[in-house]
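This report concerns only the one structure given below.
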Number of protein chains: 2
Amino acid sequence: MAGVTERAGDTAGKAATIRDVAACAGTSIATVSYVLNNKSRYLRPELRERVLAAAQELGYVKNAAARSLKGLQRGILAVLVPQFGNNFFTRMCVEIEAVAQRAGFVVTICNSDENPVQERAIIERLLSQRIDGCILSPALSRTESAALLERARVPYVILERTMGTAVPDHDFVGHDNFQSGYIAAQALLDAGHRRIAFLGWDSPIANINDREQGYRAALAEAGVAIEPGWVLTGSLSEDEGRRLADRLPVGQVTAAVLATHHTMAKGVLMSLQDRGLRWPQDLSLVLIGTPEWVDLVRPGLACVERPEREMGHAAAALLLEKLKRPDYRQAKLVLPTRFIPGGSIRPIKIPETSGANA
Amino acid sequence: MAGVTERAGDTAGKAATIRDVAACAGTSIATVSYVLNNKSRYLRPELRERVLAAAQELGYVKNAAARSLKGLQRGILAVLVPQFGNNFFTRMCVEIEAVAQRAGFVVTICNSDENPVQERAIIERLLSQRIDGCILSPALSRTESAALLERARVPYVILERTMGTAVPDHDFVGHDNFQSGYIAAQALLDAGHRRIAFLGWDSPIANINDREQGYRAALAEAGVAIEPGWVLTGSLSEDEGRRLADRLPVGQVTAAVLATHHTMAKGVLMSLQDRGLRWPQDLSLVLIGTPEWVDLVRPGLACVERPEREMGHAAAALLLEKLKRPDYRQAKLVLPTRFIPGGSIRPIKIPETSGANA
DNA sequence: CTGAAAGCGCTAACAG
DNA sequence: CTGTTAGCGCTTTCAG
C-alpha cells in the first residue's frame, strides 16, 4: 500500500503561484484570484490585462489541490471497473471520459481486477485524493466499497452491477440482464431450437444469474424443459470455454448454446474450428455481448447488444447532476438490450409442436 | 473548459480532519500526524493506540491534496493516450495501472482522441491537479504537450510515439516500427510473394512512416521494385479499409498486403468475405498488431506482435524511477517486435529468382 | 474599485 | 516524549 515516496522531486513545486503573479503584475493576490476566476467584481480593465499578461508570462496554472482545501470542487471524477481489459467496460469508460471532459473534469480510471481487496485499497486511495464523485462497478458485486463512499459522503453511481437491496436507495445505471438472457434464448427458440445450453461463468454477480433466469423463463414459456447438463459454468477464460465446448450437444439437430461472455464464446468457436465442426450446421450460437469480431467471423454471429455508450453517458450525466444537486436521486436506470441477428443461428423446420401448450 | 461548478456539494467536505482525530484522542494534531505517518518519533505506545483507534472510529482518511500543499507527492500519475478505444493502448494502460497501483499511486487516464486541441486542454487540467508524473503518447506526435510538461517540471515519459529530435533528450519507451514493417514484408517475401501492397493510414506520426521504410527496405533487399499504387493510405476506419481493399491486387499470384492497423485490416477482410474472395488463396495478408480476433479468423492471420505489456511496464517503471531520482535519464527504450506465423500467408513455389541479386 | 488577512488540512521545525 | 506554531496556495470576507 505504501510506496509513494515522501519528498516530491526537486523538480516539482517550483510552479508559479498566485503570489508570483501578483508580484509580477504589481497588485495583490486577491485581485489576481478575482481576475483568474472571472468573479463578478469590477476591476480596472487595465489591471485585469496586466494580471492576465503576468499569468501568461509565468506560465501560471492554478493549483486545484489548494483550491479544494477551501471546500471547492477538485475537478476529479473516478471510475472503478472490475475488468479494464474488457471492451465492454472500455467502451463505457470512453464515453464517461468524454462527458466528464466536457464538464471540465479529469477522470481517474482504476481497475480492481475482480479483486475486492484491491478494490478496497483503491477506494481508500481515491478517498484520500478527495475525488468529487465516483462511478463504481463493484468487483464481485460486493457492497463494502459503496459503504465506504457513502460514509465519506462522496456522490457515486453504481454501474452495471447492482447491489440489490443490500445498499438501499443507491443510484444505479445498468442494462436488463434478464431481458438479454430472455431474448437470446427466444431467438434460438424461434428458429426452432430445443436443446439449448446456457454457458455462464463462475461469479457471484447477479448479472449472470439474471441472464440465466431470462433463459429459463424463455424456455419455460416455450414449454421446453431444461435438462441436466444444459447449464454450464466455469472460470472466465478462453481455455475454459474450449473445455466446456466438449460438453455441448454438438451435432444434434436443434442443438444450440447461449454464451454469456465473449471470452467463453471465443473458446467455444475455436474449439469447434479445431474439431472441424461448423456453425450453425453443427451448433447454433448466440452471444450476449458485442466484441470487435462479431461481424468478422463467418457466417456471422447472432448476439445481444448492450447499450454501452448510453450506459456510460447516463452514468456520467447522472453523477454530474448529483454533484450539482446533492439531494438528487433518480430511479434506477435499466436500459434495454437489443438482439442482433446473425448467421450463427440455424433455422429449423419447426416440428409441429409450434404454438403448442394451448 | 469551464463547467466545474464552484461549490462542492454540501455532502462533501465533512470528512474528519486530523484535528478531529486529535480531539477525539485527546492529544495534539502533531502527534496524530506523526502516528499516521509512522514517522520516527518515539511516542508512548498507549498514545499511539489511542490515536489509531480514534482515526479508525472517525473513519479518518488523510487528505492528499492538503499534503501536496507542503510540497509532498500527491500520489497521482497521469496517462494520456490518443486512442483509448484501441486495445493496443488499453493493454498498455492495464499494465501501467498495475505497476502504479503497486507503488501506491492512482492513475488518471485521459483520451486525446488524436485531437491536439483536446490534448492541450487535458494537459492543462492535469497540471492544475499537480500530478506527480505523466506518461504521454502524443496525438499526431505533436510536441507542445511535452513542452508544457517540461515547463511545469513534471516528470514524464513519452510512450510509443517518438518526438524525434524536436524535444531533445526526452525519455522514451516504444517499439521498433521499422522492424515491424521489415519483418512483416520479409515474411511475405520469404513465402515467395512479390506484389506486396502496403496499407497505411493518414497520419503525421512517424510510426507509420517507419513501418513503410521497413517495408521498403525489405523489398529493396529482395530486389523487388515497388510499383505505383502499392502504397495505399486513407483515413483510419473500417469503411476506408473496405474501400481500399478494392485497389489491392487480389487474385494475382504473389499478391499480398501488409496492413498497419487492425481497423484497416478488418475492413479488408470483410471486403474479401463480402466479395466471396478467400485468403490466402486470393490474397495473402500480414497485420502489424494483435487484435483479439487474430486467432479466431480462419485460416488464421499472420501478424507482428508488439510488446504492449512490456512497454506499459517499462514506461511506468521508468516514470517511478524518475520520481525517485529527478535527474535520472535513460537511453530511449525501443523494444523489439515478434512475427507470429499464420494461415493468411500463402506459400508460393519460388520462381527461381530466389537468392538472387548476387 | 482594491488590498489585507483569516483560514482550509496538513507537515515539520521548534520549544517545552 | 509531546504540544505549539508557521506556513503550503488559494478563496473570500472585511476594511479601506
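Numbered from 1 within each chain, the chains take letters A, B, ... in sequence-line order. Every value quoted in this text rests on a predicted model; they were computed, and no experiment measured them.
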Next item on the list: Note down the inter-axis angle between the two ends of the helix from C/dC1-D/dG16 to C/dG16-D/dC1, five pairs each, to the nearest 10°.
Entry: 50°
Check: Any donor-acceptor pair under 3.5 Å between the side chain of B/Lys62 and the base of C/dG9?
Finding: no
Next item on the list: Kindly say whether A/Ile76 contributes a backbone atom to a donor-acceptor pair with the side chain of A/Asp132 at under 3.5 angstrom?
Entry: yes
Note to self: Of the options D/dC10, C/dC10, C/dT2, whose atoms approach the side-chain atoms of A/Arg44 most closely?
What the structure shows: C/dT2
Notebook entry, point to check: Any side-chain N or O of A/Thr17 less than 4.0 Å from the OP1 or OP2 oxygen of D/dG9?
Noted result: no
Note to self: Which nucleotide wins on minimum distance to the side chain of A/Ala30, given the candidates D/dT11, C/dA4, C/dT2?
What the structure shows: C/dA4
Next item on the list: Could you pick out which residue, B/Gly26 or A/Leu36, lies toward the 5' side of DNA chain D when each is mapped onto its nearest nucleotide?
Entry: B/Gly26
Note to self: Counting only side-chain heavy atoms from C-beta out, which of C/dG3, C/dC10, D/dC10 sits nearest to A/Thr27?
What the structure shows: C/dG3
Item checked: Atom-to-atom span, CG of B/Leu72 to C1' of C/dA12 - whole angstrom -> 10 Å
Short N/O separations, protein against nucleotides 14-16 of chain C, under 3.5 angstrom:
residue: C/dC14; atom: N4; partner: B/Arg41; partner atom: NH2; Å: 3.3

Checklist line | Lys/Arg N to Asp/Glu carboxylate O, B/Arg161 vs B/Glu119, below 4.0 Å | finding: no
Next item on the list: Write down the distance between CD1 (A/Ile18) and C1' (C/dA5), rounded to a whole number of angstrom.
Entry: 14 Å
Item checked: Ionic contact status for A/Lys322 with A/Asp171, cut-off 4.0 Å -> yes
Item checked: Gap between atoms CG and C1', on A/Leu58 and D/dG9 respectively (whole Å) -> 15 Å
Note to self: In whole Å, I'd like the distance from the CG atom of A/Asp20 to the P atom of D/dC8.
What the structure shows: 11 Å
Next item on the list: Ignoring backbone atoms, test whether A/Thr31 places a side-chain nitrogen or oxygen under 4.0 Å from the OP1 or OP2 oxygen of C/dT2.
Entry: no
Note to self: Using a heavy-atom cut-off of 4.0 Å across all strands, would you classify A/Ser33 as base, sugar-phosphate, or nothing?
What the structure shows: base
Check: Can you tell me if B/Asn115 uses its side chain to pair, donor with acceptor, with the backbone of B/Ser112 under 3.5 Å?
Finding: no
Notebook entry, point to check: In whole angstroms, how far is the P atom of D/dC8 from the CG atom of A/Leu69?
Noted result: 13 Å
Notebook entry, point to check: Counting any heavy atom closer than 4.0 Å, what does A/Ser68 reach on the DNA or RNA strands: base, sugar-phosphate only, or nothing?
Noted result: nothing
Next item on the list: Spell out, as yes or no, whether a donor-acceptor pair under 3.5 Å connects the side chain of A/Arg130 to the backbone of A/Leu127.
Entry: yes
Margin query: Determine whether a donor-acceptor pair (N or O, by modelled atom type, separation under 3.5 Å) exists between the side chain of B/Arg151 and the backbone of B/Ala146.
Written below: no
Checklist line | Atom pair distance, as rounded to whole Å: CZ in B/Arg48 and P in D/dG3 | finding: 14 Å
Notebook entry, point to check: Okay, side chain of A/Arg50, backbone of A/Ala25: is any donor-acceptor separation there less than 3.5 Å?
Noted result: yes
Next item on the list: Return yes if a side-chain donor-acceptor contact under 3.5 Å exists between B/Ser137 and B/Glu160, otherwise no.
Entry: no
Item checked: From C/dG3, C/dC1, D/dT11, nucleotide with atom closest to A/Ile29 side chain -> D/dT11
Item checked: Atom-pair distance (CZ on B/Arg19; P on C/dG9), nearest Å -> 7 Å
Check: Would one find a side-chain N or O of B/Arg67 under 4.0 angstrom from OP1 or OP2 of C/dC10?
Finding: no
Check: NZ of A/Lys70 versus P of D/dT12: gap in Å, rounded?
Finding: 8 Å
Note to self: Could you check whether any side-chain N or O of B/Lys332 sits under 3.5 Å from a backbone N or O of B/His170, counting only pairs where one atom can act as donor and the other as acceptor?
What the structure shows: yes
Item checked: Donor-acceptor pair, side chain of A/Thr31 and main chain of A/Thr27, under 3.5 angstrom -> no
Notebook entry, point to check: Reckon B/Asn37 has a side-chain N or O less than 4.0 Å from the OP1 or OP2 of C/dT11?
Noted result: yes
